[in-house]
Participant: 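The structure follows.
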2 protein chains.
Amino acid sequence: MPGFKGQATYSVDGKGRIAIPSRMRICMSPEAHNTLVATRGFEQCIFVYPLDEWMEIEEQISALNPYSHKHRAFIRRFMRWADEVTIDAKGRIPLQRPLLEYAGIEKTSLILGNQKYLEIWDPQRFDDYLEAEEADYETLAAEVMGS
Amino acid sequence: MPGFKGQATYSVDGKGRIAIPSRMRICMSPEAHNTLVATRGFEQCIFVYPLDEWMEIEEQISALNPYSHKHRAFIRRFMRWADEVTIDAKGRIPLQRPLLEYAGIEKTSLILGNQKYLEIWDPQRFDDYLEAEEADYETLAAEVMGS
DNA sequence: GGAAATTGTGGGAAATTGTGGGAAAATTTT
DNA sequence: AAAATTTTCCCACAATTTCCCACAATTTCC
């Protein structure tokens, strides 16, 4: 089963709703029950996991030791921003203001397929990010992918 | 079945009642019978377990050795503050003053979903706690979750 | 190429949620 | 036993969220 891929620039309406591109929607397993979990991602974008993928992450989390001080801190930081949403009849999900603000998203969003999950960015911020990284892309590729 | 997640800042009314966010309420198993058990948690916050989860904890506790001095001490501390409450028609639970005082909660509370249970914090105290944890999130993530 | 279905966008109506407070019932105190 | 306090249950209100419908643009299918 292929993962999420491609990108799309979609609008965010007054109620904070963002449509999931249909070509990404059909990549979701039926086990996700049209449900996604949105949370803070790295580099100030929003990560969105289909429910079944999220469950696997939760399992990893619950395997941590809840009596360890450090682990507790991580779990709290991790669960804090997670928000379970269901896709409405028109293929949209509602996102909470705090998440949108974290990602700096206002009227427009860039949706990025990234294998197991989606990323939602403020388009401008993504450009800036790319530009900053572009310089070392080849170096990075060699370093990360090189055998 | 996914666990509790997300956060919410809710008010505490004059009678010590705090609403449980509906999106967390629906995560409760019907076996909990709309009943929760609140008790002292770690880091000076309140832990709130759905009744069915609490039962499992009690089982673990009763498996401890009552003839061990240490075990007895632990059991007493743990059971002492436990308080069984039911969710009212508006989705709220009443919390005893001593618990609220322990957590330093007055007019506002931060409710945190933490998989099997909820945590209720004084918002300021939670901020301080996160700040005091020296490591930043990404470092922790790589450390705790990295394979 | 053209008809039909699907997709992305917006907005209104209805239901739910969070908050506060009042009255009744139970408990404790005098 | 009466008074005072606490707890429980109920109602009201504003704000938010959910659900539903409309419409234009695009894509799909024959």
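Both backbone and side-chain heavy atoms feed into the values below; hydrogens, waters and symmetry mates do not. Letters A, B, ... are given to chains in the order of the sequence lines, protein chains preceding strands, and every chain is numbered from 1. Being a predicted model, the structure only gives us computed values, none of them experimental.
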Participant: Find the distance Glu84(A):CD to dT17(D):P and express it as a whole number of Å.
Facilitator: 16 Å
Participant: Transitively linked via ILVMFWY side-chain contacts under 4.5 Å: Leu118(B) with Phe126(B)?
Facilitator: no
Participant: Set out, line by line, the N/O atom pairs under 3.5 Å between protein and nucleotides 9-15 of chain D.
Facilitator:
unit_1, atom_1, unit_2, atom_2, d
dC9(D), N4, Arg17(B), NH1, 3.4

Participant: Show me, range against range, the stems involving DNA chain D, built from at least 3 consecutive Watson-Crick or G-U pairs below 3.5 Å.
Facilitator: C:1-30 with D:1-30
Participant: How close do Phe4(A) and Lys116(A) get, counting heavy atoms only, and between which atoms?
Facilitator: CE1-O, 3.5 Å
Participant: Within the structure shown, what part of the strands sits under 4.0 Å from Arg25(A) by heavy-atom distance: base, sugar-phosphate, or nothing?
Facilitator: sugar-phosphate
Participant: How far apart are the closest heavy atoms of Pro21(A) and Ala8(A), and which atoms are they?
Facilitator: CG-CB, 3.8 Å
Participant: Base, sugar-phosphate alone, or nothing: which one does Ile20(A) contact when heavy atoms must sit under 4.0 Å apart?
Facilitator: sugar-phosphate
Participant: If you compare all heavy atoms of Gly14(A) against all heavy atoms of Arg97(A), which two are closest, and at what distance to 0.1 Å?
Facilitator: O-NH2, 2.8 Å
Participant: Could you point out which residue of Ile18(A), Asp122(A), Thr108(A) forms a side chain to side chain contact (heavy atoms under 4.5 Å, CB included) with Val12(A)?
Facilitator: Ile18(A)
Participant: Would you indicate whether Gln115(A), at its atom CD, is surrounded by more than 12 heavy atoms from other residues, nucleotides or ligands within a distance under 6.0 Å?
Facilitator: no
Participant: CD1 of Ile93(A) versus C1' of dT18(D): gap in Å, rounded?
Facilitator: 15 Å
Participant: What residues from residues 94-112 of chain B pass a heavy-atom cutoff of under 4.0 Å to DNA chain D?
Facilitator: none
Participant: So, for Tyr10(A) and Trp121(A), is the gap between ring centers shorter than 6.0 Å?
Facilitator: no
Participant: Quick one: are Lys5(B) and Glu58(A) in side-chain contact, heavy atoms under 4.5 Å?
Facilitator: yes
Participant: Does dG18(C) have OP1 or OP2 under 4.0 Å away from a side-chain N or O of Ser11(B)?
Facilitator: no
Participant: Find every protein N or O atom lying less than 3.5 Å from an N or O atom of nucleotides 28-30 of chain D, and list the pairs.
Facilitator:
none

Participant: I want to check one thing: is the phosphate of dT6(C), taken as OP1 and OP2, less than 4.0 Å away from some side-chain N or O of Ser22(A)?
Facilitator: no
Participant: Quick one: which of Leu99(A), Asp83(A), Ile46(A) gives a side chain to side chain contact (heavy atoms under 4.5 Å, CB included) with Arg40(A)?
Facilitator: Leu99(A)
Participant: Select from Tyr10(A) and Arg23(B) the residue whose nearest nucleotide in DNA chain C is closer to the 5' end of that strand.
Facilitator: Tyr10(A)
Participant: Write out all pairs satisfying ring pair (Phe, Tyr, Trp, His ring centres under 6.0 Å) with one or both partners inside residues 93-119 of chain A, taking only residues at least two apart or from two chains.
Facilitator: Phe47(A)-Tyr117(A), Tyr49(A)-Tyr117(A)
Participant: So which atom in Pro94(A) and which in Thr86(A) form the shortest heavy-atom distance, rounded to 0.1 Å?
Facilitator: CD-O, 4.1 Å
Participant: With clusters defined by side-chain heavy atoms of hydrophobic residues (ILVMFWY) lying less than 4.5 Å apart, directly or transitively, does Ile111(A) cluster with Ile87(A)?
Facilitator: yes
Participant: Would you classify Ile26(B) as touching base, sugar-phosphate or nothing, given that sugar-phosphate means primed atoms plus P, OP1 and OP2, and contacts are heavy atoms under 4.0 Å?
Facilitator: nothing
Participant: Going by side chain to side chain contact (heavy atoms under 4.5 Å, CB included), name the residues that satisfy it together with Arg76(B), two or more places apart in sequence or in a different chain.
Facilitator: Arg72(B)
